[in-house]
Amino acid sequence: MMKNTLPLITIGITCFNAANTILRGIESAKAQDWPDIEILIVDDCSDDGSLEIIGAAQKKDERIRLIRHAQNKGYPSALNTIIEEAKGDYIAFFDDDDDHEPDRLSKQYDRLTSFEKEHTDKPVLCYAHRRVFVDGIEKQNAFVHAIGATAPEPHGEMVADFVLWHKQEPGYTWGEFGSCTLMAAKETIERFKFDPAFRRSAEWDLAVRMALDGAYFIAVDEPLIIQHKTETDDKAGTKPLEYGLKLRKKHKAFLKKKGTYWGALCLAYARFYYFRNKRWKSRFCLALACLASPFKILPDVLEKRA
């Protein structure tokens with residue numbers, strides 16, 4: 001690959017009190033085989049020594065650029081700073097504590113640009129599968145499949161349905177999103193950005209808004225990311241439920257048009273209890289969802305169980 005024939009890609013890394021992990025993200029970015037990159041790190045007002053580690057890395061590699069928030073603004077705001085300040089034509093988001101295959105950028109670029117040539121009228125977001133490690137050990141049955149890895153790729157309102165009330169249009173390739181695996185053209189994603197109000201589920205809100213604009217969601221059909229799972233305050237307690245409800249309330253008008261608003265709220269509770277192994281509560285909330293939206297959610301549930 002000749003550097004002067006390929007675009008600059010910005011690798012965006014957010015950092016907040018990540019002294020124990022930020023070097024992993026930096027080294028993984030430096031190891032990419034793409035010939036023309038910048039590594040843009042946005043520090044969200046860390047106070048744990050992260051800046052010293054980043055500064056030392058900067059002295060060794062001129063491709064690293066640091067922007068520091070004067071106050072903690074949260075993860076989506078840090079992502080927005082990356083979008084605003086990126087010099088690249090494309091942006092790939094890396095988490096500070098994840099590992100990435102050296103060819104992640106080249107494979108996502110090839111997939112994204114090939115698809116964009118055939119779909120010039122709508123935005124395109126590109127993801128990849130990821131493997132999940134906990135405490136350094138790969139978690140069994142935790143391979144995360146990305147949305148749109150094979151044709152036909154989901155797009156438009158069907159993706160908003162999928163996010164907000166788990167409707168899976170038959171025949172399409174469904175899977176997860178995840179900002180840590182995302183690549184997009186800068187001019188595409190800067191039109192939408194992330195909602196700073198969503199310290200959790202910001203990527204879901206972005207997906208809904210872009211889906212309502214007709215966006216396509218595609219992925220490289222390979223595991224290009226090793227995700228190292230850690231618990232944070234934003235993931236603890238009832239936070240997932242709070243943000244799940246917040247997401248559905250934000251898009252209330254769309255859900256009401258679909259006749260699924262109250263059912264979608266019940267599904268948020270059902271999902272929350274399911275992943276906490278409170279199965280009876282989950283089933284009860286699922287039943288309420290079916291009662292609240294009997295002509296939409298109930299048929300979908302029955303079809304999945306058939």
Side-chain angles (χ1 to χ4, degrees), residues 1-109 112-113 125-126 128 178-194 196 199 202-203 206 224-225 227-228:
M1 293 186 293
M2 298 298 294
K3 181 173 179 178
N4 61 356
T5 64
L6 295 171
L8 174 69
I9 295 179
T10 296
I11 297 175
I13 304 175
T14 64
C15 175
F16 174 64
N17 287 346
N20 293 329
T21 59
I22 187 62
L23 197 56
R24 179 192 293 155
I26 293 173
E27 291 300 322
S28 194
K30 289 169 58 178
Q32 291 297 303
D33 65 8
W34 193 260
D36 198 7
I37 65 170
E38 70 160 346
I39 302 169
L40 176 57
I41 304 171
V42 174
D43 181 80
D44 199 24
C45 201
S46 295
D47 58 8
D48 70 338
S50 295
L51 289 175
E52 288 78 3
I53 296 171
I54 298 169
Q58 274 187 292
K59 291 178 181 178
K60 298 177 181 178
D61 196 321
E62 62 182 10
R63 298 173 299 175
I64 299 173
R65 186 157 59 99
L66 171 66
I67 296 174
R68 186 170 190 261
H69 287 170
Q71 61 184 32
N72 182 262
K73 298 181 179 181
Y75 180 58
S77 292
L79 292 175
N80 286 341
T81 299
I82 290 171
I83 295 168
E84 292 161 5
E85 299 293 335
K87 296 178 180 178
D89 297 307
Y90 292 84
I91 302 173
F93 297 102
F94 283 32
D95 273 2
D96 61 79
D97 59 348
D98 289 346
D99 289 307
H100 305 260
E101 296 295 340
D103 56 358
R104 176 189 160 180
L105 295 187
S106 56
K107 286 185 174 177
Q108 283 194 294
Y109 176 81
L112 180 58
T113 54
L125 297 182
C126 183
S179 53
C180 65
T181 76
L182 174 61
M183 177 188 275
K186 176 176 177 175
E187 65 177 4
T188 293
I189 201 164
E190 69 182 347
R191 289 175 47 207
F192 299 90
K193 296 185 180 177
F194 293 88
R199 287 196 173 224
E203 66 271 21
L206 174 73
L224 300 179
I225 296 93
Q227 182 180 19
H228 296 274

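Just so it is clear, the structure is predicted and the values come from calculations on it, not from any experiment.
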ask   = side-chain contact (heavy atoms from CB on, under 4.5 Å) with Glu187: which residues, sequence neighbours excluded?
value = Ala185, Glu190
request  = Name all residues meeting the side-chain hydrogen bond (donor to acceptor under 3.5 Å, both in side chains) criterion together with Asp43; count only those two or more places apart in sequence or in a different chain, and write none if there are none.
outcome  = Ser46, Arg68
note = CG (Leu6) and CG (Leu8) are apart, to the nearest 0.5 Å, by 11.0 Å
request  = State which residues pass side-chain hydrogen bond (donor to acceptor under 3.5 Å, both in side chains) with Gln108; sequence neighbours excluded, sorted by chain then number.
outcome  = Arg104
key: With Glu52 via salt bridge (Lys or Arg N to Asp or Glu O under 4.0 Å) - residues at least two apart   = none
message = Going by the rule side-chain hydrogen bond (donor to acceptor under 3.5 Å, both in side chains), which residues pair with Ser50 if we only count those two or more places apart in sequence or in a different chain?
response = Asp48
Smallest separation among heavy atoms of Leu40 and Ala86, with atom names = CD2-N, 3.9 Å
inquiry  = The test is side chain to side chain contact (heavy atoms under 4.5 Å, CB included); show your working for Asp47 and Asn17 and say whether it passes.
reply    = CA-CA 6 Å; Asp47 58 8; Asn17 287 346; 3.0 Å; yes
Gap separating the CG atom of Leu206 from the CG atom of Leu125, nearest 0.5 angstrom = 6.0 Å
message = Checking the side chain of Asp89 only, and the main-chain atoms of Lys186 only, is there a donor and an acceptor separated by less than 3.5 Å?
response = no
ask   = When rounded to the nearest 0.5 angstrom, what distance separates CD1 in Ile83 from CG in Asn80?
value = 5.0 Å
query = What pair of heavy atoms forms the shortest contact from Ala92 to Leu105, and how long is it?
reply = CB-CD2, 3.5 Å
ask   = What are the two closest non-hydrogen atoms of Cys180 and Asp98, and how far apart are they?
value = CB-OD2, 3.8 Å
ask   = Listed by chain and number, what are the side-chain contact (heavy atoms from CB on, under 4.5 Å) partners of Asp99, not counting sequence neighbours?
value = Arg24, Ile226, His228
inquiry  = Please enumerate all residues that pass side-chain contact (heavy atoms from CB on, under 4.5 Å) together with Asp103, with sequence neighbours excluded.
reply    = Asp33, Glu101, Ser106, Lys107, Leu224
request  = Please name all residues satisfying salt bridge (Lys or Arg N to Asp or Glu O under 4.0 Å) with Glu85, sequence neighbours left out, ordered by chain then number.
outcome  = none
request  = Give a yes or no answer on whether the side chain of Asp44 reaches the backbone of Asn72 with a donor-acceptor pair at less than 3.5 Å.
outcome  = no
Reported CD1-to-CZ distance for the pair Ile26 and Arg63, which is rounded to 0.5 angstrom = 11.5 Å
ask   = What distance separates Ile64 CD1 from Ile54 CD1, expressed to the nearest 0.5 Å?
value = 9.0 Å
key: salt bridge (Lys or Arg N to Asp or Glu O under 4.0 Å) partners of Lys87, counting only residues at least two apart   = none
query = How many angstroms lie between atom CG of Asp96 and atom OG1 of Thr21, to the nearest 0.5 angstrom?
reply = 3.5 Å
remark   = Hits for ring-ring contact (aromatic ring centres under 6.0 Å, His included) against Tyr109, two or more places apart or cross-chain, chain-then-number order -> Trp34, Tyr90
task = Check whether the side chains of His69 and Thr81 place a donor and an acceptor atom closer than 3.5 Å, and report yes or no.
result = yes
ask   = Is the backbone N or O of Tyr75 less than 3.5 Å from a side-chain atom of Thr14, with the two atoms forming a donor-acceptor pair by type?
value = no
note = Of all heavy-atom pairs linking Leu112 and Cys126, the shortest is CD1-CB, 4.0 Å
task = Name all residues meeting the side-chain hydrogen bond (donor to acceptor under 3.5 Å, both in side chains) criterion together with Gln32; count only those two or more places apart in sequence or in a different chain, and write none if there are none.
result = none
request  = List for me each residue that meets side-chain contact (heavy atoms from CB on, under 4.5 Å) alongside Ala29, sequence neighbours excluded, and say none if there are none.
outcome  = Ile11, Ile13, Ile39, Phe94
